[in-house]
Amino acid sequence: AGDFNNISFYDFSGRVNRQLGKNGHLVYSFFSGADQYRNSEAYNFIREKNMMRWRNTVHSLKYTHMVGKQLFFKTHLARTVYKSTMQFQDEFPDQGFVLQGLNNQITDWSGKLSMDYTLSPALSLSGGGELITHTFRPSYFTQSTETARSDSGSTIRTVEPSLFLQTSYQPFRKLKLDLGMRYSHLITPGKTFSNWEPRVQVQLLPTENRSVFFSFTRMNQYLHSLASTGTGFNLEVWVPAKEDVPPLQVTSMSVGYRQVLGRWSFGQEVYAKNFRNLIMYGEGENITIFQGSDWSNQINKQGTGMSVGLENFVQFVHPKGQLDVAYTWSKTDHRFIGINQSQLFPFRFDRRHYLTAQGSYHLSKKWQVNAAFVLQSGQAFTSPTGVRPNGNIQHSTPIFYYTSINNSRFPLYHRLDVGLNYLKKTKRGHDATWSFGAYNVYNRKNPAYLDVVPVQSNGQTSYQVVPKDIYRDWE
């Protein structure tokens, strides 16, 4: 077989609604989607084949029951399965092949019971509880023949119960308060974690068309993400908090304003976030740390981070259409003691500039046209700053040197999507929509993968980071 690069994906979703009596409403929804990348190329008489697949399936059942006009009960049950597969295979002439990879699967069952109660136009309460069970299966495997295969890894089960209470209170016409508290708990093998998570928002309403707000939130995330920082695909693996890997804690504050002037709406928000207990791969480590059960001893822990940003939006509403434009400037840095000389470095998904523009317009009662444009800074990656040839430069792998983490960026990402909707009423009086669209209409080639290649010039060989013939159409 010859060299090739192939990307494929699909999404499939559905929703069913059912009215149960006068006061009950039942909704079932599901989603199934998968993205896959396959690559094959030959070098030095060796054929290298790679395959990466991400798959997500969600089933959800939600029941809402109204008791009078002031009290609502909500019950929500869900099952979510996320699985990623990464395979790397080398085929040798007359010597078989070596295959290695990682399967990472998370299965969640969740149940949530909540209540909304409106005491008066100025005061409302909501509260409830939630229970989530997580089952993690990070499994590293190797295979050297068509039959011989070894697997390592274990199944990790955690339970995450939580309780929450929130109130919305408007004591005066120009003042509104939203106050909440969530108690979260995580039960893992050998360790339990408990945290209080307060949420506060104060909103000032000097006029009917203008508001100023301040918010404070503290939350704990009991799932950690391990991701590579190199030029290739982002090999992200989700792992649970455990005895020696405490939960990620995020504290955020923001202040902003919104204003409406006729058909125009404006808004601006400044935010700051602080991160504690970040983790990342140790130097030179990758997915092979899951060969054994002691993966947590091969990562960097207790990392800290800071994210600051300025969000702006403008909206114009017309009887026949709407236009929304938003721009965000942000900066997200991480720090680990003993890594990168203990200096701050950009997070892989640090996006300094992010611009979106979306518009829709009704050509008639039945036809609607829409368009969406997105532009953002390329994600950060670690680029080599030096290289030393390892033998014959054409037939061996060079040795690269790195002096800092995430010191370069992918090219600017942008694309334009357009669509056309046909609206009609069914014989039973329901709304139906036929949608037609074109994705990335000007065929922008946004690289999903970068490679370091030798370049010959004037008898000298240098190395450059260049995009491979693999492009992405997702953000």
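Nothing fancy with the numbering, it's 1 onward along the sequence. Any value given below was found using the heavy atoms of this structure, including those in side chains, with hydrogens, waters and symmetry copies removed.
Donor-acceptor pairing under 3.5 Å is recorded for the side chains of Q89 and E91. Residues R47 and S40 have side chains that bring a donor and an acceptor to within less than 3.5 angstrom of each other. A side-chain donor-acceptor contact under 3.5 Å links D178 and S168. At a cut-off of 3.5 Å, with distance as the only test, a side-chain donor of D324 or Q322 sits close to an acceptor on the other residue. Between the side chains of T188 and Y222, not a single donor N or O lies within less than 3.5 Å of an accepting N or O. In summary, the side chains of T251 and R218 do present a donor paired with an acceptor at a separation below 3.5 Å, with no hydrogens or angles considered.
Evaluation of the salt bridge (Lys or Arg N to Asp or Glu O under 4.0 Å) rule for D244 yields K242, K301 as partners, not counting sequence neighbours. With sequence neighbours excluded, the residues that form a salt bridge (Lys or Arg N to Asp or Glu O under 4.0 Å) with R409 are D350. Listed by chain and number, the residues in a ring pair (Phe, Tyr, Trp, His ring centres under 6.0 Å) with F136 are H134 (sequence neighbours excluded). Residues that satisfy the salt bridge (Lys or Arg N to Asp or Glu O under 4.0 Å) test with D108, not counting sequence neighbours, are absent from this structure.
Side chain of N300 to main chain of I279: no donor-acceptor pair is present (N/O by atom type, distance under 3.5 Å, no hydrogens or angles). Side-chain atoms of N407 come within 3.5 Å of backbone atoms of S383 as a donor-acceptor pair (strictly under, hydrogens ignored). The backbone N or O of M219 sits nowhere less than 3.5 Å from a side-chain atom of N195 that would complete a donor-acceptor pair. In this structure, the side chain of H224 engages the main chain of P246 through a donor-acceptor pair within 3.5 Å. At least one donor-acceptor pair under 3.5 Å links the side chain of N406 to the backbone N or O of P346. The backbone N or O of T118 sits less than 3.5 Å from a side-chain atom of Q70, completing a donor-acceptor pair. Checked by atom type and distance alone, the side chain of T167 never pairs as donor or acceptor with a backbone atom of L179 at under 3.5 Å. Listed for the S254 side chain is no donor-acceptor partner under 3.5 Å among the backbone atoms of V270.
Considering only heavy atoms from C-beta on, I299 stays 4.5 Å or farther from F336 through its side chain. Side-chain contact between N277 and Q302 is present, with heavy atoms from C-beta onward closer than 4.5 Å. Taking 4.5 Å as the limit, every side-chain heavy atom of F31 sits out of range of all side-chain heavy atoms of R15. For the pair R18 and V16, the minimum side-chain heavy-atom distance is 4.5 Å or more. Side-chain atoms of H25 and N17, non-hydrogen and from C-beta on, do get closer than 4.5 Å to each other. Side-chain contact check for D35 versus Y37: every heavy-atom pair is 4.5 Å or farther apart. Within the 4.5 Å cutoff, side-chain heavy atoms of E269 are placed close to those of F213. Side-chain contact between V374 and Y413 is present, with heavy atoms from C-beta onward closer than 4.5 Å.
We find the CZ-OG distance between F216 and S252 to be 7.5 Å, quoted to the nearest 0.5 Å. With rounding to the nearest 0.5 angstrom, the OG atom of S265 is 9.5 Å from the CD atom of Q259. How far CD of Q343 is from CD1 of I405: 11.5 Å, rounded to the nearest 0.5 Å. Between atom CG of residue N50 and atom CZ of residue R38 there is a gap of 11.0 Å, rounded to the nearest 0.5 Å. Distance CH2/W238 to CG/N104: 10.0 Å, rounded to 0.5 Å. S184 OG to E130 CD: the interatomic distance, rounded to the nearest 0.5 Å, is 11.0 Å.
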Discussion item. Set out, in order, the CA-CA distance, both residues' side-chain angles and the distance that settles side-chain hydrogen bond (donor to acceptor under 3.5 Å, both in side chains) for N421 and S435, then state yes or no.
Written reply: CA-CA 4 Å; N421 296 328; S435 297; 2.9 Å; yes
Fill in: Test side chain to side chain contact (heavy atoms under 4.5 Å, CB included) applied to I187 and T158, step by step
CA-CA 6 Å; I187 303 172; T158 64; over 6 Å; no
Discussion item. Would L248 and L223 count as a side chain to side chain contact (heavy atoms under 4.5 Å, CB included) here? Give the steps.
Written reply: CA-CA 8 Å; L248 170 64; L223 304 180; over 6 Å; no
Discussion item. Go through it in stages, so that I can follow the logic: the residues are W295 and V239, the test is side chain to side chain contact (heavy atoms under 4.5 Å, CB included), and I'd like the CA-CA distance, side-chain angles, deciding distance and then a yes or no.
Written reply: CA-CA 10 Å; W295 59 267; V239 293; 3.7 Å; yes
Practice prompt. Let me see the working for Q358 and N370 under side chain to side chain contact (heavy atoms under 4.5 Å, CB included), right down to the final yes or no.
Written response: CA-CA 8 Å; Q358 303 179 59; N370 56 72; over 6 Å; no
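Checked against the 6.0 Å centroid criterion, the rings of F12 and F30 qualify as a close aromatic pair.
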Tabulate below the donor-acceptor pairs under 3.5 Å that side-chain atoms of residues 303-311 make, not counting sequence neighbours, or state none.
from: S307; atom 1: OG; to: T332; atom 2: OG1; distance (Å): 3.0

Which side-chain N or O atoms in residues 55-64 pair as donor and acceptor under 3.5 Å with protein atoms at least two apart or in another chain?
from: H59; atom 1: ND1; to: Y28; atom 2: OH; distance (Å): 2.8
from: S60; atom 1: OG; to: H76; atom 2: NE2; distance (Å): 2.7
from: Y63; atom 1: OH; to: H65; atom 2: ND1; distance (Å): 3.0

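For the residue pair S404 and T382, the shortest heavy atom distance occurs at O-CG2, 3.4 Å. In plain terms, the two heavy atoms of H414 and Y442 that are nearest each other are ND1-OH, 2.6 Å. The heavy-atom pair separating L77 from G111 by the smallest distance is CD2-CA, 3.9 Å. For F373 against R415, the heavy-atom pair with the smallest separation is CD1-O, 3.2 Å. Residues S110 and I132 come closest through the heavy atom pair CB-CG1, 3.9 Å. Counting all heavy atoms, side chain and backbone alike, L186 lies closest to A241 at CD2-CB, 3.9 Å.
Relative ring orientation between H353 and Y327 is described as parallel, the plane-to-plane angle staying below 30° on a 0-90° scale split at 30° and 60°.
Ion pairing of K331 with D333 is present here, as a side-chain N (NZ or NE/NH1/NH2) and a carboxylate O approach within less than 4.0 Å.
Judged by the 6.0 Å and 45° rule, K74 forms no cation-pi pair with F72. Geometrically, K273 engages Y271 in a cation-pi contact, judged by NZ or CZ lying under 6.0 Å from the ring centre and within 45° of the ring axis.
Other residues, nucleotides and ligands contribute at most 12 non-hydrogen atoms within 6.0 Å of the CZ atom of R157. Atom CE of M253 has 12 or fewer neighbouring heavy atoms from other residues, nucleotides or ligands inside a 6.0 Å radius. Surrounding CD of Q341 are at most 12 heavy atoms belonging to other residues, nucleotides or ligands under 6.0 Å away. Within a 6.0 Å sphere centred on CZ of R352, heavy atoms belonging to other residues, nucleotides or ligands number more than 12.
Screening F349, F410, F347 for a ring-ring contact (aromatic ring centres under 6.0 Å, His included) involving F381 leaves a single residue, F410.
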